[in-house]
2 protein chains.
Amino acid sequence: MKLSKVTLVDVANHVGVSSMTVSKVLRGRGSISEKTQKKIRDAVQELGYVPNKLAGSLSSRTSNLVGVVLPSLSDVIFGEMVSGMNSVLRPRGLTTFVGESLYDPNVEVEAISTILSLQPAAFIIYGGLERLEQSRSLLRNWGCPVIEIWDIKGQGVDCSVGPSHCEAGQKIAEHFLARGFQRPAYVGAELNKDILAGRRLSGFVEVMHGAGIEVKQVHDDALPRQAASGRELTKRLIEDAPDCDAIFYLNDAMAMGGLSWLHAQGFEVPDRIAAAGFNGTSLAQSVRTHLTTIDVDRFGVGQTASNCVLSLMDDKPVEPVITVPTNLVLGNTT
Amino acid sequence: MKLSKVTLVDVANHVGVSSMTVSKVLRGRGSISEKTQKKIRDAVQELGYVPNKLAGSLSSRTSNLVGVVLPSLSDVIFGEMVSGMNSVLRPRGLTTFVGESLYDPNVEVEAISTILSLQPAAFIIYGGLERLEQSRSLLRNWGCPVIEIWDIKGQGVDCSVGPSHCEAGQKIAEHFLARGFQRPAYVGAELNKDILAGRRLSGFVEVMHGAGIEVKQVHDDALPRQAASGRELTKRLIEDAPDCDAIFYLNDAMAMGGLSWLHAQGFEVPDRIAAAGFNGTSLAQSVRTHLTTIDVDRFGVGQTASNCVLSLMDDKPVEPVITVPTNLVLGNTT
DNA sequence: TTGAAAGCGCTAACAG
DNA sequence: CTGTTAGCGCTTTCAA
């Protein structure tokens, strides 16, 4: 697409000053007389001048772009994080540039390269993906602040912001134990893609093992992490382990899917079988069902990560790991 | 944030060729010997060179950015649209740049300006917001293809892609009538911000009036368009019009909130009172409740809009209005 | 308070 | 097959 626009010089000619004067007025630098300023602003308005930031950033070697790479915007939890980022970045004149990795490390490299070529001032990236060495080195060589979110085990980054996924799994396990459940199970999907779900599972299993209890696991990497999969996998679970009495699901969506199957089969929840999820999305609150889940402030994660960006850009130090709380939300499914 | 990087000239010097040769190899232009190509690729790898697209686009006067402005990424329907866009744009080497307007026309102007300053090749913008004249003229003067989504009444744009919101309201009204409901109501929020919800309401009311039936309306612009508001406003509605027998909600979230209140109060759904929503988000499917709603393929809207972008960039003509279907999904709430 | 010169990193257009 | 020249639109630096 060819472009052809009104430039700074056009504005300058229109007013009868040099382009430098216009540039200064528009950026609020130097001291320009009120009269000239007004003439320039009027001309900008009249000509419909829009500054060309490609040229501006190239020349000044500065940037107000913050690159962001997340798995998918179709999952609301990531959209909420971006909204959180925008809420702190925009007032400071910074803009997020979001790329989707689709949980694919190769796509992630592409997304990182694309964003880097736009010269971002900082980078916020999802941590729950096994990153390729190529991605790592791109980021490392680039040299801008890199904040990892949603995971807190990140290496080679300036700062990690997120919940302890292990702790989330532990909390559910402890809750199950306190409720007296004896035959717990785990239902998940695509664990090969999302290492954080795996960490929640580990925390869950660890606590159960500590109590001398085995965890029945059902997962199918070929299924998406959605309600329909929760339904299907719950069916498989019950066929395989009919005496199971409590299920920890990968996320809220799968839990709700599982619950709908259990209900259709006439299982009493939570008396015959209990269920818990992860994420505290609005999905967890439905008409009669209030899913027991672990809630994490996703908007807040975006805000915190962005505040780290601001600090690092000002050369202020930040905590290398910022753990945000995991909140056990008690519903009526356990 | 100051930047300082490996440039094309650095790569050229390292190999012992001119920067033009490197430029050509990297863009696959011209004919360069295999041997030189290999040396250059190796050097790029070794030095960790990342092209500077600010400089590239400035020089070539081309862009592969598609600007996108939507109300909020915290609402999954908009994230789904962006995912749809990326799915068709990325394979064609185009990248979306997303800004949030927060349903505020003034914020929208900001977002548009910010994106325009990055010289996008095309623009996709949410149509359900009363746009300021300033936004209009920015877009008009810019001259790139502008596609409006989610609304189909757009003016001054090249193409509009979305459902007929009026039809959505009509379909629910017709469905209510077919079911024999006589005292319908509408529950909404923030209608001052979202003119499309208003259009659904109009379609609904129009059909009801055609049947000689009045619609009881409850809306509060101060409340957010969420489940909790659905609960609160349903309470107000029932206090005010206890004999109401069917409610059309602004969206699925509010409908589910309303249903949870109705259930808590012991109302039989749908025998005593029915409910329908709009959007067909996963929210509509819960454990026992399957909300009657209007489903629209949001991912598909993003894809279609992006295909229009591609056509317009190739100077191919596009339909000025592309209406995507509204699908009545029958649940167990009507 | 204003402006001239130089250059950011890249590519179009042409030469060789 | 490879290189030279001349900018893209802006900002930095320094001079007036």
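To find a chain, count down the sequence lines: A is the first, B the second, and so on, and within it residues start at 1.
Contact annotation: A/Thr7 does not reach the phosphate of D/dG9 (side-chain N/O to OP1 or OP2, under 4.0 Å). B/Arg27 has no side-chain polar atom (N or O) that falls below the 4.0 Å cut-off from OP1 or OP2 of C/dC10. Between B/Ser31 and D/dC1, a side-chain N or O to OP1/OP2 separation shorter than 4.0 Å is present. Remark: B/Ser33 is not in phosphate contact with D/dC1, judged by side-chain N or O atoms under 4.0 Å from OP1 or OP2. Side-chain N/O atoms of B/Arg61 include one lying less than 4.0 angstrom from OP1 or OP2 on D/dG9. Put simply, A/Ser59 has no side-chain N or O that comes within less than 4.0 Å of OP1 or OP2 on D/dT11. A close approach under 4.0 Å does not occur between any side-chain nitrogen or oxygen of A/Thr21 and OP1 or OP2 of C/dT2.
Side-chain atoms of B/Arg27 and B/Ser23 form a donor-acceptor pair, as typed in the model, at a separation below 3.5 Å. There is a side-chain donor-acceptor pair under 3.5 Å between B/Arg41 and B/Gln37.
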> Checking side chain to side chain contact (heavy atoms under 4.5 Å, CB included) for the pair B/Leu70/B/Val68: CA distance, chi angles, key distance, verdict?
Replying inline: CA-CA 7 Å; B/Leu70 298 169; B/Val68 180; 3.8 Å; yes
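Atom P of nucleotide D/dC1 and atom CD of B/Glu34 are separated by 9 Å, given to the nearest angstrom. What separates CD1 of A/Ile32 from C1' of D/dA16 is a distance of 14 Å, to the nearest Å. Going from atom CG of A/Asn52 over to atom P of D/dG7 covers 18 Å, rounded to whole Å. Atoms CG (B/Leu58) and C1' (D/dT11) sit 12 Å apart, rounded to a whole Å. Atom CG in B/Leu8 sits about 14 Å away from atom P in D/dT4, given to the nearest Å. Note: CG (A/Asn13) to P (D/dC10) measures 12 Å, nearest angstrom.
Taking 3.5 Å as the limit, the base of D/dG3 and the side chain of B/Lys24 contain a donor-acceptor pair of atoms between them.
Other residues, nucleotides and ligands contribute over 12 non-hydrogen atoms within 6.0 Å of the CD atom of B/Glu190.
In this structure, of C/dA5, D/dT5, D/dC8, it is D/dT5 that holds the atom nearest to the side chain of B/Met20. Distance from the side chain of A/Ser60 is smallest for D/dT11 among the nucleotides D/dT11, C/dT11, C/dG9. Here the nucleotide nearest the side chain of A/Arg29, chosen from C/dC10, C/dG3, D/dT12, is D/dT12.
Heavy-atom distances to DNA chain D give each of A/Ala55 and B/Ser19 a nearest nucleotide, and the one nearer the 5′ end belongs to B/Ser19.
Here CD of B/Glu46 is found 13.0 Å from NZ of B/Lys39. Values are rounded to the nearest 0.5 Å.
Residue A/Ser57 is out of contact with every strand shown, counting any heavy-atom pair closer than 4.0 Å.
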